[in-house]
Amino acid sequence: MNFKIPRGTQDILPESSAMWKYVERKAHDLCRRYNYKEIRTPMFEQTELFQRGVGDTTDIVQKEMYTFQDRGGRSLTLRPEGTASTVRSYVENKMFGWADQPVKLYYIGPMFRYERPQSGRMRQFVQFGVEAMGSDDPAIDAEVIALAMSFYQELGLKGLKLVINSLGDKESRNNHRNALIEHFKPRISEFCGDCQGRLEKNPLRILDCKKDKDHELMASAPSILEYLNEESKQYFENVQSYLSSMNIPFEVDPGLVRGLDYYNNTAFEIMIDGEGFGAITTLTGGGRYNGLVEEIGGPQTPGIGFALSLERLLMALETQGVSLPVESSIDAYLITMGDDAKKKAPGLLHKLRSEGIAVDTDYMGKKMKAQFKAADRQRASFTLILGDEEIAQDTIVLKDLNSGEQEQLTLDKAILKIIESKRGEE
RNA sequence: GCGGUCAUGGCGAAGUUGGUUAACGCACCGGAUUGUGAUUCCGGCAUGCAUGGGUUCGAGUCCCAUUGAUCGCCCCA
């Protein structure tokens, strides 16, 4: 029996896990600076949470959820995104009553969607997301956007494009929605089947249909921006002026629509120009969701957040040839010769390691020459050589692999030298 | 759910109109160098070409099916 990894999943092997760790650290570090606190929620939830929180009409709920029954007959679903869980926890733990408002949270973890895998789209993928709940100050919208942009920029990504839009508040949305229906209804038969279905359910989605994008009614369709009421318009302008004051360039795209139902006012996406990027250009999606907490059973509470995929980030870094400062090397490699030395190795290694030295040795019965090669491959700074001569004199040979110089000295002195050299590097 | 492409050693990859010993490179192991990592040279490393059927005197090469990977559509992160 040969076992294979499930479709749409991947093993992250040591050569890339170092990069994962690096970008995760970057996210943690950034959130610390912005004062967002980490939240860890379960990887599965009651199915109904996602139906309510993500929206029954969305593709995610309709065809992409990993849903199963547990032994108690409860319907559970592997989380397809992080916001619903975060909001559930917010409500369940009564965070609306916490002293510090807004409540600023972030998460990093795997999400699951049952889809055909392709470039930048996996069945299990890792999202880094941020949620700020309790404030509807446009400054916090700008803060959340700035956090996402900084994340990419500090990692060295180029060619980013921030696209923003306003979906308006409830009133603006409704007016716009009616205008759209009026606009498309007379000639809806000229559109694809999907769009015909969208007309009543969610006419906004017609606007980002790829099949019908050249239809003349698309260009002339009423823009949400024309339907923003005074309050929403002011809000959007404030967000823009905050972004400008942070020198974050952006583009307003009235066609930017969110796939998830709970968004209102601010919506944004961070995209990347992409050779080698295929169909995927969206790195981050985010926006404001003032109705969601209530939908999940909490008090009326505004919120805003984003989610971004670490897979796509790493893909972007790779296509741009950005090399992360990840290094896997050890301080020393112990080379033993002869049975006596071999017997002393474990005790010696233990001592070195307890001194904080990263050290390894041979367990394959290799000859000395092969042990040197292994030391090289592991990019060890030093080799420690232990043979009969050294044992007889109660010493060890310390060789600097960069300079090639070596000397015979006591173990304690060798340890001091290695530690000294480590300090020099830092 | 629907399309395109692909599937040869640890990895990258040759493999011509089907023809008998499946190139080559990298990595790895050993030797030249019996206590020192470069280079060089020599040697080793696929009873098998995703799986199962079929055509044929003969199949990695042709046909069918299955599985998987990958890219795209839909949609999104």
Side-chain angles (χ1 to χ4, degrees), chain A residues 2-10 13 15 54 57-64 79-83 108-129 148 192-195 197-198 202 205 208-212 256-260 268-272 276-287 305-316 333 335-338 341 364-391 397-406 408:
Chain A
N2 279 317
F3 293 104
K4 274 168 295 179
I5 193 168
R7 159 167 275 195
T9 64
Q10 63 176 335
L13 304 180
E15 63 175 326
V54 179
T57 64
T58 57
D59 282 0
I60 292 181
V61 170
Q62 283 184 351
K63 51 184 198 191
E64 294 175 358
R79 63 182 182 192
E81 54 98 57
T83 303
I108 300 173
M111 307 294 163
F112 307 84
R113 294 184 198 173
Y114 188 87
E115 294 188 276
R116 277 297 281 279
Q118 61 180 277
S119 178
R121 180 184 295 147
M122 303 286 283
R123 288 185 174 180
Q124 176 176 333
F125 58 102
V126 176
Q127 279 190 341
F128 161 41
C192 71
D194 284 341
C195 284
R198 286 168 182 147
N202 194 350
R205 295 272 294 281
D208 61 359
C209 175
K210 302 244 166 27
K211 275 186 220 148
D212 294 322
L256 176 64
V257 169
R258 301 279 52 172
L260 314 183
F268 69 97
E269 255 174 42
I270 298 170
M271 329 239 276
I272 186 156
F277 238 78
I280 303 299
T281 55
T282 301
L283 254 31
T284 299
F306 70 73
L308 63 86
S309 138
L310 294 187
E311 283 78 3
R312 287 187 186 176
L313 164 67
L314 289 168
M315 211 163 73
Y333 191 94
I335 290 173
T336 60
M337 296 171 60
M364 300 302 288
K366 285 187 168 126
K367 308 237 167 97
M368 184 176 64
K369 181 177 170 140
Q371 292 188 55
F372 263 101
K373 283 191 170 182
D376 253 355
R377 260 203 311 276
Q378 307 273 338
R379 274 168 291 169
S381 306
F382 295 94
T383 49
L384 286 160
I385 307 164
L386 186 68
D388 293 340
E389 266 176 50
E390 288 77 18
I391 292 172
V397 168
L398 177 70
K399 177 169 185 174
D400 182 326
L401 284 181
N402 295 315
S403 67
E405 285 166 21
Q406 68 179 55
Q408 190 169 349

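Just so we're clear, the structure is a prediction, and the values are computed from it rather than from any experiment. The chains referred to below are lettered A, B, ... by the order of the sequence lines, with proteins before strands, and numbering in each begins at 1.
Spacing of C1' atoms, B/U33 relative to B/U70, comes out at 48 Å, to the nearest Å. Nucleotides B/C57 and B/G18 have their C1' atoms positioned 12 Å apart, rounded to a whole Å. Taking the C1' atom of each, B/C64 and B/C29 are spaced 43 Å apart, rounded to whole Å. Of the P atoms belonging to B/G60 and B/G35, the separation is 48 Å, rounded to the nearest Å. Taking the C1' atom of each, B/G53 and B/A59 are spaced 14 Å apart, rounded to whole Å.
Residue A/M122 is in base contact, counting any heavy-atom pair closer than 4.0 Å across all strands shown. Within the nucleic acid shown, A/T284 comes within 4.0 Å of sugar-phosphate atoms alone, with no base atom in reach, counting heavy atoms only. Across all strands shown, A/G129 has no heavy atoms under 4.0 Å from either base or sugar-phosphate atoms. Within 4.0 Å of A/I385, counting heavy atoms only, lies at least one base atom of the nucleic acid. If you check every strand for non-hydrogen atoms under 4.0 Å, A/L308 touches nothing. Counting any heavy atom pair closer than 4.0 Å across all strands shown, A/Q124 reaches no nucleic acid atom. Counting non-hydrogen atoms under 4.0 angstrom, A/A375 reaches nothing in the nucleic acid.
Remark: side-chain polar atoms of A/R312 are paired, donor with acceptor, to backbone N or O of A/T282 under 3.5 angstrom.
Contact annotation: A/T282 side-chain N/O to B/A77 OP1/OP2 distance is not under 4.0 Å.
In the interface, the side chain of A/R121 is paired with the base of B/C75 through a donor and an acceptor atom under 3.5 Å apart. Residue A/Q406 places a side-chain atom within donor-acceptor reach of the base of B/U36, judged by atom type and a 3.5 Å distance cut-off alone. For a distance-only test at 3.5 Å, the side chain of A/R377 fails to qualify as a donor-acceptor partner of the base of B/C28. In the interface, the side chain of A/E115 is paired with the base of B/A77 through a donor and an acceptor atom under 3.5 Å apart. In terms of polar N and O atoms assigned as donor or acceptor, the side chain of A/K399 comes within less than 3.5 Å of the base of B/G37 in a complementary pairing.
Contact annotation: the side chain of A/R121 never approaches that of A/R116 to less than 4.5 Å [non-hydrogen atoms, C-beta and beyond].
Separating the CZ atom of A/F125 from the P atom of B/C76 is a distance of 13 Å, rounded to the nearest angstrom.
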